[in-house]
Structure formats: structure tokens, C-alpha cells
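Below: one structure, written as C-alpha cells.
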Amino acid sequence: MNAMPYIPLEEHLPGITGLLEYDQEAAKPIRELTQILLRGPSTLTEGERELIATVVSNGNQCRFCTAAHTAAADILLGEIETSESVKRDILAAPVSEKMKALLTIASMVRESGKAVTKEAIDKAKAEGATDIEIHDTVLIAALFCLYNRYVDGLATVTPVTPEFYKGLAERLRDHGYNRLKQGYDHLKKDKSFAS
């Protein structure tokens, strides 16, 4: 776990949550876009969209986001093998050929938008990906590059306990990416991430 973030953040809100609470005005459109992309209507399941976030965050070596979205994918998929497998080797992962093609595109976006090739897009289309699925994959990947750099660029606290990420994943499953109406004061009691 990091010793201290570069700016003063609420101690009970590690990772992205502390940053989104720090500047709620800037956070509002980011949260709304994330909610639309990861929880809105889509032909990609919520679990598949979390896998995109996982692959990008893992490739960017953002420990907080990788752990958070791995846990969210695991809860939504009902198992842990798929998320671990896509982080190791997308092409050997137990996902559809369409998802392999989309996750490959997401990995390319993580490197650079210019790394995405026409061949990768054509492969995704040949495997049944629609234009909107390709669009959303690129946008989710780009959004998580923003999140990864935001979290790591301000050295936010990265919890080390799996229990913290399980609780976060349950909140993401139950409430999506919206700010909780009651805020996050209830998390002040939860110091499990600090151990």
C-alpha cells in the first residue's frame, strides 16, 4: 500500500473513490460515462465489459484498478478463472472468439489509439462484433487508461486485502458506478483495506 497520496484525500476512500470524492464536480461526468458504458444497455454483458476494464488496467499495471475490476468481473461472471486467464493470455482465455477480438482491440488502445489496426477491427467484425460493440470497447479502453493514470498519477492508496476488493465489487454490482446517495461515510468504519 502507498504511504501517502500526493494530495490530501479522505483516508477511508482508497483508489479512485477518494479522487472522485475529492472533486465531485469533475467526477460527475466521468461517473455518468462509466455507468453508461459498463452498466447501460449493451449486447456485451456487464461481466464482459468488466473484462475489458480488467485487461486494460492490468496492461497499464494499475494495481488498484486491476484488482477492483478483476473482482467485479469475477462476481458478475460467477467464477474467477476467466478474469485471471484474460490477464495472462487473451487468445487462450475461455471467452468467445468475438470477445478475444474485442479484448485484443482494447489492449491495442491501451498502448495507443494508433496501435489499433484495420486487421484487428476486421477480425472482430468477422467474429460477429457489431460497430457499436467495437465503438464501446475502444471507449471503455480509453476511459480506463484515464482512470489508471488518474489513480496512479496521484499515488492513491492501494489496499492489499482481497476482502476490500470483494466489497467494492459487490457495491459495483449492486449500485453500478453512481455515487451512493448517502455518500461514503459508512466506509470510515471499514479499515480492512489498511491491513
Is [X] linked to [Y] within one hydrophobic cluster, defined over Ile, Leu, Val, Met, Phe, Trp and Tyr using a side-chain heavy-atom separation of less than 4.5 Å?
X      : Y      : answer
Met108 : Leu139 : yes
Leu180 : Leu13  : yes
Leu76  : Leu172 : no
Ile36  : Val56  : no
Ile7   : Leu20  : yes

Give me each pair satisfying side-chain hydrogen bond (donor to acceptor under 3.5 Å, both in side chains) with a member in residues 105-119, each pair once, sequence neighbours excluded. Lys118-Asp122

Nearest heavy-atom neighbours spanning [X] and [Y]:
X      : Y      : value
Lys123 : Ala101 : CG-CB, 4.1 Å
Leu51  : Ala73  : CD2-CB, 3.9 Å
Ala93  : Lys100 : O-CE, 3.1 Å
Tyr165 : Pro159 : OH-O, 2.8 Å
Ser57  : Asn148 : OG-ND2, 3.0 Å
Val109 : Cys145 : O-SG, 4.5 Å

Heavy atoms, side chains only, cut-off 4.5 Å: are [X] and [Y] in contact?
X     : Y      : answer
Thr17 : Glu10  : no
Pro14 : Thr158 : no
Ile90 : Met99  : no
Leu44 : Thr137 : yes

Are the charged groups of Glu84 and Lys87 less than 4.0 angstrom apart, N to O? yes

Thinking salt bridges, do Glu50 and Arg39 make one under a 4.0 Å N-O criterion? yes

Residues, nucleotides or ligands: over 12 heavy atoms within 6.0 Å of Tyr177 OH: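 Yes, enclosed.
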
Do other residues, nucleotides or ligands put more than 12 heavy atoms under 6.0 Å from the NZ atom of Lys166? no

Criterion side chain to side chain contact (heavy atoms under 4.5 Å, CB included) on Glu133 and Ile105, from CA distance to verdict: CA-CA 11 Å; Glu133 289 172 337; Ile105 290 169; over 6 Å; no

Distance in Å, [X] [atom1] paired with [Y] [atom2], rounded so as to fall on 0.5 Å steps:
X      : Y      : atom1 : atom2 : value
Leu9   : Met4   : CG    : CE    : 9.5 Å
Asp23  : Lys28  : CG    : NZ    : 13.0 Å
Tyr150 : Phe64  : OH    : CZ    : 12.5 Å
Thr43  : Ile132 : OG1   : CD1   : 8.5 Å
Asp152 : Asn60  : CG    : CG    : 8.5 Å
Arg171 : Asn178 : CZ    : CG    : 13.5 Å

is_close_aromatic(Tyr147, Phe144), centroid dist under 6.0 Å: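 Yes, the ring centres sit under 6.0 Å apart.
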
Report the residue from Thr66, Asp74, Asn58 that forms a side chain to side chain donor-acceptor pair (under 3.5 Å) with Ser83.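 With Ser83 as partner, side chain to side chain donor-acceptor pair (under 3.5 Å) holds for just one option, Asp74.
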
For Ser96 and Glu127, does a side-chain donor sit closer than 3.5 Å to a side-chain acceptor?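 Absent: no donor and acceptor within the cut-off.
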
Indicate yes or no for a side-chain donor-acceptor contact from Thr156 to the backbone of Ile16 under 3.5 Å, with no hydrogens or angles considered. no

Kindly indicate, with the supporting measurements, whether the criterion side chain to side chain contact (heavy atoms under 4.5 Å, CB included) is fulfilled by Glu32 and Gln35. CA-CA 5 Å; Glu32 288 171 353; Gln35 180 68 17; 5.7 Å; no

Residues passing the salt bridge (charged side-chain N to carboxylate O under 4.0 Å, His left out) test with Asp89, sequence neighbours excluded, are none

Could you walk me through whether Asp136 and Ile52 pass the side chain to side chain contact (heavy atoms under 4.5 Å, CB included) test, one step at a time? CA-CA 10 Å; Asp136 287 359; Ile52 295 168; over 6 Å; no

Just do the side chain to side chain contact (heavy atoms under 4.5 Å, CB included) check on Glu48 and Val95 with the steps written out, would you? CA-CA 9 Å; Glu48 288 171 332; Val95 295; over 6 Å; no

